[in-house]
Trainee: 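Structure incoming, see below.
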2 protein chains.
Amino acid sequence: MTVEAIMAPLFRRLQTTTDAGRDDLLALTSLPTTLRQYRENQTILRDGDRTSECCLIADGFCVRSKTIADGRRQILSIHLPGDLPDLQGLHLPAMDHDLVALSDCTLVFIAHAAIRDLIRSRPTVGDIFWRDTLVDAAVVREWIVNVGQRAAHNRLAHLIVELRERLHLTGRVTGNTFAMPLTQEQLGEALGVTSVHTNRILRQLRIEGVVELQRGMVRILNETKLQELAQFDGRYLHLSPSS
Amino acid sequence: MTVEAIMAPLFRRLQTTTDAGRDDLLALTSLPTTLRQYRENQTILRDGDRTSECCLIADGFCVRSKTIADGRRQILSIHLPGDLPDLQGLHLPAMDHDLVALSDCTLVFIAHAAIRDLIRSRPTVGDIFWRDTLVDAAVVREWIVNVGQRAAHNRLAHLIVELRERLHLTGRVTGNTFAMPLTQEQLGEALGVTSVHTNRILRQLRIEGVVELQRGMVRILNETKLQELAQFDGRYLHLSPSS
DNA sequence: GCCCCTGCTTAACTTTTGTTAGGAACAGCG
DNA sequence: CGCTGTTCCTAACAAAAGTTAAGCAGGGGC
């Protein structure tokens, strides 16, 4: 896999969401990287780990999650190709959550030292990365709203729309279908409900002809109804450099 | 109010949580600031606002919140003296949530331009601020776990302990008492439950002799029981520079 | 001192969600 | 091909939380 192919989703995302210059992106390709493959369900980083490198998702889906004392688990965010899910490690030495591969994944790792060097010589890259962690935080804030205030079926609708918007950025939506490789159990952990209840909601949405979820693929059946349920306002994704 | 008095809580916090040098802190005092007072319940920044300055809380409590279409509101985080609750504005031009004064507040505003200049001349200050936004994000992530997985009384206990830990950083806890100036309605908005249910939980905790909340002051009656309920693991606060 | 407003408190009732417990479908593997 | 383990699906029942509707308490303004 070439560096260009690995970095493609990141570049595509940065090109539309930031005003990174051509030379900034080029500088990124010169970073030394280590490619690693992960299997479905494999833990990439564990709560408490101390990291000396950051990872970029070249392919596959990952989640951040936290497990509390009684064994319950909460998924904190879903990460797609082009995401840098542990960029915070640059300034927070210890992980405060797990990073897990949802599907088989291709990740590349970049040493913190190399990133720091690049930022020192090119402060704009630092600004782009800082902004990236801030958008990430904005997504996490909206996640709180979802889990805290919306009814379960609205939550699911909102998550589906968010994921579609973010996948669209890197050209991973075809028609009304896209990948969302979470089991109903994991979906429940993301939404803060049990797997039984997730199943109930999915059935309801299927029967009402809103969306269908099969073998990790979402198919949107009725866009209008979906929008109505999701009440999605994508400003928090900060998709344009000026937002 | 002198610059020193205004910056004191920020300095105290940075001194224990980062390895900011004396000269870095000194450099902060030289930033031009504008002092503004806000009344209880006054909105400081509105969802959608475009900012050209950041604020530092010198005194009082603020919250970030989001209101969804049906009028429900979710509180996303609580901010204390020494916090920079809209530092993200440095790289995200538009607010994606509200910032509201919970109590009467004293804030100072610092122009983005001045901060950017300082960061350019002192990259360490940039690192400290970046880290600050990352810790903020970590707190928000834990908030998801709270709202998503814990039962309502555990949520409240967790919030109380978190707040105490953070207030302790700037010496705002005396014995087993500290300020938490949220109405039961607001507490519900923070925990993702209704005000009626908040009242139920508070009554239960009062009867069981765990905590008492009166006129915006928390009084911890039984530390052991509180810990048991909160299952608090403070690593996510990243209180030491090496964590 | 009284009024008014906000916040607190409670109860009765409804709805949502969790729990427990199965069985069915399906994929991977020997 | 049949075994095994996971995921999906469903139902019956229990618990948690929301809704609605009151009355009460206390502080600020007149």
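Keep in mind it's a predicted model, so treat the numbers as computed, not measured.
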Trainee: Send over the distance from A:Leu156 CG to C:dT16 P, rounded to a whole Å.
Mentor: 16 Å
Trainee: Closer than 4.0 angstrom, basic N to acidic O: yes or no for A:Glu142 and B:Lys66?
Mentor: yes
Trainee: Whole Å only: how far is the CZ atom of B:Arg203 from the P atom of C:dT10?
Mentor: 5 Å
Trainee: More than 12 foreign heavy atoms under 6.0 Å from CZ of B:Arg36: is that the case here?
Mentor: yes
Trainee: Tell me whether A:Arg73 at atom CZ has more than 12 heavy atoms from other residues, nucleotides or ligands lying less than 6.0 Å away.
Mentor: no
Trainee: If you measure from the Lys or Arg side-chain nitrogens to the Asp or Glu carboxylate oxygens, is any gap between A:Arg64 and A:Asp86 under 4.0 Å?
Mentor: no
Trainee: According to the interplanar angle, ranging from 0 to 90°, do the rings of B:His158 and B:Tyr236 count as parallel (below 30°), tilted (30 to 60°) or perpendicular (above 60°)?
Mentor: parallel
Trainee: Report, as a single string ordered 5' to 3', how protein heavy atoms within less than 4.0 Å touch nucleotides 17-30 of chain D: B base, S sugar-phosphate only, - not at all.
Mentor: BBBB----------
Trainee: Should A:Asn199 be listed as having a side-chain N or O under 4.0 Å from OP1 or OP2 of D:dC8?
Mentor: no
Trainee: Measure the distance from CG on B:Leu191 to C1' on D:dA16 and round it to the nearest whole Å.
Mentor: 15 Å
Trainee: Does a sphere of radius 6.0 Å around CZ in B:Arg219 hold more than 12 heavy atoms from other residues, nucleotides or ligands, not counting ones at 6.0 Å or beyond?
Mentor: no
Trainee: From CZ of B:Arg206 over to C1' of C:dT9, roughly how many Å is that when rounded to an integer?
Mentor: 9 Å
Trainee: Rounding to a whole Å, what distance do you find between A:Gln204:CD and C:dT16:P?
Mentor: 9 Å
Trainee: In whole Å, I'd like the distance from the CG atom of B:Leu202 to the C1' atom of C:dG7.
Mentor: 13 Å
Trainee: Rounded to whole angstrom units, what separation is found between the CG atom of A:Asn154 and the C1' atom of C:dT16?
Mentor: 13 Å
Trainee: Please round to the nearest 0.5 Å and tell me the distance separating atom CG of B:Leu87 and atom SG of B:Cys55.
Mentor: 9.5 Å
Trainee: For the residue pair B:Arg172 and B:Phe178, would you count it as a cation-pi contact if the rule is NZ or CZ under 6.0 angstrom from the ring centre and within 45 degrees of the ring axis?
Mentor: no
Trainee: Which angle, to the nearest 10 degrees, lies between the helix axes at the two ends of the helix from C:dG1-D:dC30 to C:dG30-D:dC1, each defined by five pairs?
Mentor: 40°
Trainee: Mind checking the CD-SG spacing from B:Glu40 to B:Cys105? Nearest 0.5 Å is all I need.
Mentor: 9.5 Å
Trainee: Expressed as a whole number of angstroms, how long is the span from B:Glu40:CD to C:dT6:P?
Mentor: 12 Å
